[in-house]
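What follows is one structure encoded as structure tokens, with my remarks underneath.
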Amino acid sequence: AARDAAAARDAAAARDAAADLEKNYDKADNKGSSQLKREEKRLLRSLPVKSRGERVDIEFDQLGLSVVASSNGRPLRVLESVTCAFKAESATAILGPSGAGKSSLLKVCTSRLQSGNDVPSPETKIRVNGDPSISLKTIAPLTAFVPQDDVMTRELSVTEILEFASAMRLPTSRHSRSRLVRDVVAALGLKAVRHSVVGSVEKRGISGGQRKRVNVALELVADPCCMFADEPTSGLDSATSLQVVKVFRALAKKGATIAAVIHQPALQVWESFTDVLLLAPGGRTAYHGPPGGAKRHFERLGYKVPQNWSPSDYYMQLLVAEPYEIAQMWNERPTKTRRRPPQLLTRDASRSSVASVASTASSTASSTAFSALSAAAAASRKGRQDSSSFAEGTSTNEAAFLLESAAANRSPPTWIIQLWLQTWRAFQKQRRSLASIAGDVVVQTLAGGGIGLLYVDYAFKNAQLVNFMVCIALGMSLTLAGTPTFGKNRDVFLRECCNAAGGGLSPSAYFVANAIADVPRFAVLACCFCLGFYPLAHPRASLGTFCLAAACDGFAASGFGYVASALFDETTALLAALCFALLFALFSGVHPTISQMGPERVIHYSSHSRYFVEILFIEEIVKMSEAFRMPPSFYASASDSVLAQLLAYGYLVTDVSIYWDKHFLRWLDMSTLVAIGLAARLVAYVILVNFNAPALGRESIFAFFRRRAAHLARATKNALCFLCTRKHTDYSQLTFHDDDDDDDDD
């Protein structure tokens with residue numbers, strides 16, 4: 001009788017608990033419909049609802065990833081058997097302590113794995129819309145990625161940055177893109193600073209929190225079908241973080257797939273996500289499901305959230321204290337409680353399951369009844385319709401075709417359009433940097449004036465010394481002026497031109513556009529140097545010729561500044577640029593002369609200083625009387641002939657250049673300087689692309705030749721084996737096997 005009475009009390013308690021749970025869930029749903037729905041309807045109104053072909057479900061089964069350590073070359077396991085799913089119309093929060101592999105998981109999702117450094121495990125299975133044959137590279141044009149760092153062009157305003165990103169990635173009309181930009185700016189609370197320059201450390205602009213939201217807006221204006229964000233709320237206050245998460249929810253309601261790495265979310269932020277993925281240190285799954293289900297899951301394990309504690313903070317402490325035990329208990333949980341996203345219950349089904357469990361609870365113990373009731377309640381919280389458009393009635397082939405068609409429609413614009421937009425942005429950067437350029441102009445003018453003061457009205461015998469000093473000063477200043485173009489903005493280049501999610505733009509268009517925008521700046525700096533030097537020194541060359549020669553030399557010198565910035569980081573590139581300028585000045589042919597050089601004289605052919613000095617010296621000679629330009633045999637002393645000096649320096653001396661056409665050698669040298677500048681820029685582009693090939697998701701030229709050499713070695717080995725065994729082999733039984741599926745060279 002006592003046992004029956006206790007069972008009845010337990011059954012009544014279970015029914016009351018079920019009713020309380022349902023009441024709380026109804027309150028949450030009513031609150032969401034009255035408050036969140038009104039707010040989310042106002043967010044991103046111009047974004048269209050995703051079509052069936054644009055909805056993406058990504059599932060990972062036994063995902064493992066190893067990263068090769070740069071110190072010892074040994075692989076380090078960062079993800080271990082992670083099984084999860086990111087569904088359309090869902091927003092998933094990824095949480096975990098440091099070293100849990102959160103950013104590595106996003107690298108896998110966005111196809112940003114570096115070849116040779118990031119090695120997925122062989123048992124990894126990835127399905128896109130249920131099809132394992134669809135790779136994540138296929139949906140890269142439909143995917144957006146918000147990096148952890150605020151990578152953007154700091155010289156532009158907020159609206160200019162967003163309009164550029166939208167024009168590069170969204171194939172719609174200009175009016176539609178402008179309306180989308182306005183909606184994104186309003187949704188993220190950036191309306192007050194939409195015309196403000198972003199700014200940097202040197203130049204104050206918008207605040208750090210606003211810059212973080214601009215970083216998110218850069219991907220929202222692309223109208224992505226999948227969006228992965230790495231710590232989009234770090235550095236933001238709780239109210240602003242909630243605002244960003246509400247925008248994610250609004251985008252998810254349009255049919256997009258959202259996943260974001262979050263640190264220390266507030267309770268409202270935690271509950272705003274539809275799903276949560278907890279990762280333990282070592283890259284193991286500790287929980288994957290709705291936020292409300294995390295509480296019930298950990299309570300079943302004996303961990304109850306203390307009063308006045310945030311659930312996320314408490315779970316993080318658990319994962320730090322007992323990472324392996326909690327991950328093991330998640331993997332060993334009963335099969336019936338495993339999360340199966342494609343087979344979610346509807347709300348009516350979940351209510352009936354709760355009622356059935358509660359009605360049979362009288363015949364069980366109280367603990368068993370409450371655990372079953374909690375499992376049923378967890379199913380009710382997951383009671384939304386499967387958002388995947390491929391859940392019913394769509395074949396695998398049709399799903400792949402629709403995805404590929406949607407990705408093709410989101411491909412970047414043509415190379416010419418990219419070049420036009422990139423050039424516009426580069427000139428906008430120059431316009432916003434006029435104060436810095438004005439400082440460079442003042443320095444250049446003072447440098448030219450300083451050399452002019454040392455050699456006021458110099459004589460012809462000092463011409464080569466003056467020319468040598470001019471080539472050193474101009475070469476160093478213009479080489480240094482070329483280093484910030486690609487050294488300072490390399491992170492922008494890698495984000496936009498990465499062959500993965502959030503990128504895909506042409507590296508050549510980016511390089512050519514910035515090189516074009518730099519030409520006027522280099523010409524102005526070279527001319528300012530001449531304007532400071534010419535009035536004091538009074539060289540025999542005309543001012544126009546002197547400025548034109550200096551501009552050509554500056555174009556060539558700045559190309560080697562590009563090479564330095566492509567080879568090294570921003571600080572080391574400055575030292576490398578100075579070394580380049582000094583090296584080419586030493587091979588200018590002044591001292592030692594070209595005829596005095598040994599085998600190293602081949603370097604002077606690529607020295608821009610050699611051709612610049614030659615122009616200045618030839619201009620000195622052609623302005624002199626013909627009495628000084630006679631052959632050496634006409635004078636008592638051969639040194640009185642300027643032709644003898646030309647021969648001594650090893651310059652080109654012909655009747656065409658000196659007598660018949662005085663300007664032939666000038667234009668030849670200027671053309672050579674322009675050619676050297678173009679060649680240096682080509683070398684800089686090749687270095688920039690190949691040295692950053694892993695970050696760009698491309699194969700470098702070094703890896704290409706290494707792969708071809710390996711293929712050639714295998715082919716040679718097979719041929720030698722065939723030749724060595726031809727006398728002892730029955731050719732009808734001889735079979736060759738090629739292990740490479742992607743190449744038939746063997």
Side-chain angles (χ1 to χ4, degrees), residues 57-67 76-87 90-110 113 118-128 136 228-231 257-263 265 270 273-303 311-344 375 378-379 381-382:
D57 297 338
I58 303 176
E59 301 176 23
F60 296 100
D61 188 14
Q62 300 297 314
L63 173 61
L65 181 67
S66 300
V67 176
L76 176 64
R77 197 76 165 182
V78 293
L79 291 175
E80 184 70 41
S81 302
V82 175
T83 300
C84 61
F86 302 128
K87 295 292 182 178
S90 68
T92 304
I94 304 174
L95 291 90
S98 178
K102 305 180 295 297
S103 298
S104 300
L105 177 60
L106 293 188
K107 288 174 64 177
V108 176
C109 296
T110 57
L113 297 180
D118 301 326
V119 183
S121 59
E123 65 272 9
T124 298
K125 296 180 181 179
I126 303 175
R127 293 183 293 273
V128 179
L136 294 175
F228 300 96
D230 194 359
E231 302 184 20
T257 304
I258 310 294
V261 174
I262 303 295
H263 278 303
W270 167 268
F273 285 96
T274 58
D275 295 287
V276 173
L277 173 62
L278 298 181
L279 295 177
R284 296 174 173 83
T285 307
Y287 172 77
H288 182 40
K295 180 180 179 181
R296 293 183 290 274
H297 169 71
F298 282 99
E299 284 181 351
R300 283 195 297 269
L301 301 180
Y303 304 105
S312 60
D313 293 342
Y314 180 65
Y315 300 149
M316 290 304 101
Q317 293 209 9
L318 288 179
L319 294 178
V320 172
E322 303 177 8
Y324 301 103
E325 294 81 356
I326 293 179
Q328 186 69 19
M329 285 186 282
W330 170 258
N331 293 328
E332 295 176 354
R333 68 195 187 283
T335 306
K336 64 180 180 179
T337 62
R338 288 182 181 267
R339 184 172 182 269
R340 296 188 295 273
Q343 301 177 0
L344 299 177
R381 291 304 295 163
K382 293 189 291 185

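Side chains are part of it too, since the values below use all heavy atoms of this structure and drop only hydrogens, waters and symmetry mates.
Taking the ring centroids of His297 and Trp330, they lie under the 6.0 Å cut-off.
In this structure, CG on Leu76 lies 7.5 Å from OG on Ser66, to the nearest 0.5 angstrom. Rounding to the nearest 0.5 Å gives a distance of 7.0 Å between SG of Cys84 and CD1 of Ile94. A distance of 10.5 Å separates OG1 in Thr83 from CG in Leu277, rounded to the nearest 0.5 Å.
Taking all atoms of both residues into account, the shortest heavy-atom contact from Pro281 to Pro323 is CD-CB, 3.6 Å. Smallest separation of non-hydrogen atoms from Pro265 and Ser312: O-OG, 3.3 Å. Listed here is the closest heavy atom pair of Ala91 and Thr274: N-OG1, 2.8 Å.
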### Query
After noting the C-alpha distance and the side-chain angles of Leu105 and Val261, does the key distance pass the side-chain contact (heavy atoms from CB on, under 4.5 Å) rule?
CA-CA 10 Å; Leu105 177 60; Val261 174; over 6 Å; no
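In this structure a side-chain-to-backbone donor-acceptor pair under 3.5 Å is present from Arg77 to Leu79. In this structure, Thr92 contributes its side chain and Phe86 its backbone to no donor-acceptor pair below 3.5 Å. Lys102 places no side-chain N or O within 3.5 Å of a backbone atom of Leu279 that could act as its donor or acceptor partner.
Side-chain contact between Leu65 and Val82 is absent, with no heavy-atom pair separated by less than 4.5 Å. Counting only heavy atoms from C-beta outward, the side chains of Ile58 and Thr257 never approach each other to under 4.5 Å. Looking at Leu319 and Leu95, their side chains never come closer than 4.5 Å, going by heavy atoms from C-beta outward. Residues Asn331 and Ser81 form no side-chain contact, since every pair of their non-hydrogen atoms from C-beta on lies 4.5 Å or further apart. Put simply, the side chain of Ile326 does not reach to within 4.5 Å of the side chain of Leu278, judged on heavy atoms. For the pair Tyr315/Val276, no side-chain contact is recorded, criterion being any heavy-atom separation below 4.5 Å from C-beta on.
Between Tyr287 and Phe298, the two ring planes are tilted [angle within 30° to 60°].
Residues satisfying the side chain to side chain donor-acceptor pair (under 3.5 Å) test with Thr124, not counting sequence neighbours, are Ser121.
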